[in-house]
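Reading through the structure tokens given below for one structure.
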Protein chains: 2
Amino acid sequence: MPNPQAKSRLTKMTKPTNRAEEAVADMGEQCLVKRSRLIGRTITGIYDDALRKVGVTAGQLNILAVVVRRGPISPGEVARYLHIERSTMSRNLERMKRNGWLTVCPGESARSQELRITESGRSIVLEAVPLWREAQSRTREILGAGGTEAIYRLADAIEERSVV
Amino acid sequence: MPNPQAKSRLTKMTKPTNRAEEAVADMGEQCLVKRSRLIGRTITGIYDDALRKVGVTAGQLNILAVVVRRGPISPGEVARYLHIERSTMSRNLERMKRNGWLTVCPGESARSQELRITESGRSIVLEAVPLWREAQSRTREILGAGGTEAIYRLADAIEERSVV
DNA sequence: TGCTCTAATATGTATATACAACATAATCGG
DNA sequence: CCGATTATGTTGTATATACATATTAGAGCA
């Protein structure tokens with residue numbers, strides 16, 4: 001089955017077009033972003049499934065956990081802890097404030113804010129804890145002990161790097 | 001610095017409220033979804049950065065690669081290869097068709113479709129290849145040989161599981 | 001044949017993500 | 001003290017993601 005494009009000599013590329021075929025084979029077999037996204041989507045699905053009954057997502061629970069642990073804390077600091085873009089955090093917090101899980105007060109400097117967990121937010125966390133533990137177990141089963149350890153190491157490698 | 005909520009005896013929870021504090025410490029130290037999402041976001045950023053100059057995202061390039069390699073192929077099959085929800089794939093493909101990278105024809109049965117790469121899509125792939133290789137290298141540097149290998153193994157574990 | 005069940009795709013809605021650009025406030029250097 | 005730079009947060013825009021649901025078409029069975 002000859003490729004109709006294979007003989008084109010008018011493209012700007014100096015290499016033969018079947019370069020594309022070779023490259024996409026490499027991508028299928030080696031691409032790290034494809035795999036890291038697969039891992040993220042899959043694990044996120046496990047936690048979101050488990051947490052759905054209390055109406056919180058995995059990402060939201062991680063933010064609540066930071067606020068409980070480090071609060072009062074500014075949006076920017078939460079973003080730095082989780083390595084999430086400030087603008088992303090801004091939108092995420094907006095939803096969580098709307099849900100009544102968090103409150104904001106002006107911080108020390110007029111431009112900064114202080115986030116605090118509300119009673120409602122705290123009870124979400126408390127209800128979520130056992131579901132989170134289940135999801136942790138389910139995930140560990142899928143990944144195995146080695147895979148679980150690998151996730152910790154990978155995250156450490158990334159956090160170290162961002163300190164540089 | 002005493003916690004004003006710590007002594008509340010009026011909550012509905014039967015356990016002391018500082019359960020939340022203990023649990024969020026566990027989350028900070030052990031949560032796998034927090035870490036898997038960090039890994040996904042970070043690696044995605046590396047590839048998106050590298051690919052930005054040709055105007056394609058990491059996710060889009062992965063889809064193009066599947067279509068080049070396996071096309072003509074239906075949307076559902078692409079979704080299965082990449083373990084992405086069908087409805088997500090539908091939206092992603094919509095954008096890529098709008099960009100002129102893909103075409104759709106009716107497939108064998110009227111309800112299914114056949115995706116094909118266009119000339120324009122193919123040249124996006126060709127331009128993207130060297131940038132993708134750079135991003136692969138940069139990622140490998142950050143993760144190290146062990147981390148890179150771990151990503152492959154984790155993705156394999158997830159793909160095996162979904163076969164079950 | 002017709003009825004039910006499943007498969008393929010699309011749509012409505014909600015969340016997550018990031019870049020670019022903005023407004024504003026603090027800080028630092030002179 | 002003032003001007004440039006940096007830090008904080010928001011908004012506009014675009015992409016990515018998934019669940020629930022609808023639509024339609026094939027498939028299997030009575």
Side-chain angles (χ1 to χ4, degrees), chain A residues 33-34 36-53 55-64 73-80 82-99 101-102 104-115, chain B residues 33-34 36-53 55-64 73-80 82-99 101-102 104-115:
Chain A
V33 73
K34 175 179 106 172
S36 70
R37 288 164 71 85
L38 167 66
I39 296 164
R41 278 195 308 273
T42 305
I43 298 183
T44 297
I46 294 169
Y47 286 73
D48 280 350
D49 258 13
L51 295 170
R52 187 159 301 121
K53 73 181 73 157
V56 69
T57 66
Q60 290 169 341
L61 183 59
N62 281 322
I63 292 172
L64 289 176
I73 184 175
S74 71
E77 283 179 283
V78 180
R80 273 191 295 274
L82 297 175
H83 300 262
I84 288 175
E85 242 280 324
R86 284 199 319 279
S87 64
T88 301
M89 188 54 62
S90 186
R91 261 67 180 250
N92 292 353
L93 293 172
E94 185 177 50
R95 283 183 277 269
M96 298 172 72
K97 288 182 271 185
R98 200 195 314 139
N99 290 348
W101 299 340
L102 296 176
V104 251
C105 307
E108 307 196 349
S109 40
R111 76 186 167 187
S112 83
Q113 302 175 352
E114 283 186 353
L115 294 164
Chain B
V33 74
K34 175 178 105 170
S36 71
R37 289 164 70 83
L38 167 65
I39 295 163
R41 278 195 308 273
T42 304
I43 298 183
T44 297
I46 294 169
Y47 286 74
D48 280 350
D49 258 14
L51 295 170
R52 188 160 300 122
K53 74 182 71 157
V56 69
T57 67
Q60 291 168 341
L61 184 58
N62 282 321
I63 293 173
L64 289 177
I73 184 174
S74 72
E77 284 179 283
V78 180
R80 272 192 295 275
L82 296 175
H83 300 261
I84 288 176
E85 243 280 323
R86 284 196 319 274
S87 64
T88 301
M89 188 55 63
S90 187
R91 260 67 180 250
N92 292 352
L93 292 172
E94 185 178 48
R95 283 183 276 269
M96 297 172 71
K97 287 182 272 185
R98 200 195 313 139
N99 290 347
W101 300 340
L102 297 175
V104 251
C105 307
E108 306 198 351
S109 40
R111 77 186 166 187
S112 82
Q113 302 175 351
E114 285 186 351
L115 294 165

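Here the side chains of B:Leu82 and B:Met89 are in contact, with some heavy-atom distance below 4.5 Å. When side chains are defined from C-beta on, B:Asn92 does not count as touching B:Gln60, because their heavy atoms never get closer than 4.5 Å. Side-chain atoms of A:Ile63 and A:Trp101, non-hydrogen and from C-beta on, never get closer than 4.5 Å to each other. Proximity of A:Leu64 to A:Leu102: side-chain heavy atoms (C-beta onward) are separated by under 4.5 Å at one or more points.
Checked by distance alone, A:Thr88 brings a side-chain donor or acceptor within 3.5 Å of a matching partner on the base of C:dA18.
Base engagement by A:Ser87 is indicated by at least one non-hydrogen atom pair under 4.0 Å involving a base atom. Heavy atoms of A:Arg41 sit under 4.0 angstrom from primed sugar atoms or phosphate atoms, though from no base atom. Contact annotation for B:Ser112: backbone-only contact, meaning every heavy-atom pair under 4.0 Å involves sugar-phosphate atoms and none involves a base. Residue A:Arg91 is in base contact, counting any heavy-atom pair closer than 4.0 Å across all strands shown. If you check every strand for non-hydrogen atoms under 4.0 Å, B:Thr44 touches nothing. Nucleic acid contact for A:Thr57: sugar-phosphate only, since backbone atoms but no base atoms lie under 4.0 Å from a heavy atom of the residue.
Distance A:Asn99 CG to C:dA14 P: 12 Å, rounded to the nearest Å. Taking atom CD of A:Glu85 as the reference point, atom C1' of D:dT15 lies 14 Å away to the nearest angstrom. The CG-P distance, from A:Leu51 to C:dT15, rounds to 15 Å in whole Å. In this entry the distance linking CD of A:Glu94 with C1' of D:dG9 reads 12 Å, nearest Å. If you measure from atom CG of B:Leu64 to atom P of D:dT15, you get 14 Å, rounded to the nearest angstrom. Protein atom NE2 of A:His83 is 19 Å distant from nucleotide atom P of C:dA16, rounded to whole Å. What separates CD of B:Gln60 from C1' of D:dA16 is a distance of 10 Å, to the nearest Å. For B:Asp49 and C:dA18, the CG to C1' distance is 10 Å, given to the nearest whole Å.
The line from CZ of A:Arg91 to CD1 of A:Ile84 is 14.0 Å long, rounded to the nearest 0.5 Å. If you take CZ on B:Arg95 and OG on B:Ser90, they are separated by 10.0 Å, rounding to the nearest 0.5 Å.
Between A:Ala110 and A:Arg98, the residue anchored closer to the 5' end of DNA chain C is A:Arg98, taking for each the nucleotide with the nearest heavy atom. Projected onto DNA chain D by closest heavy-atom contact, A:Leu93 and B:Arg111 fall at different nucleotides, the more 5' of which corresponds to A:Leu93. Heavy-atom nearest nucleotides on DNA chain D were determined for A:Arg52 and for A:Lys97, and the one closer to the 5' end corresponds to A:Lys97.
Side-chain nitrogen and oxygen atoms of A:Asn92 include none within less than 4.0 Å of the OP1 or OP2 phosphate oxygen of C:dT15. An OP1 or OP2 oxygen of C:dA18 is reached within less than 4.0 angstrom by no side-chain nitrogen or oxygen of A:Arg86.
Side-chain atoms of B:Ser90 lie closest to C:dT11 of the nucleotides C:dT11, C:dA8, D:dG9. Taking every side-chain heavy atom of A:Ile84 into account, C:dA18 is the closest of C:dA16, C:dA18, D:dA16.
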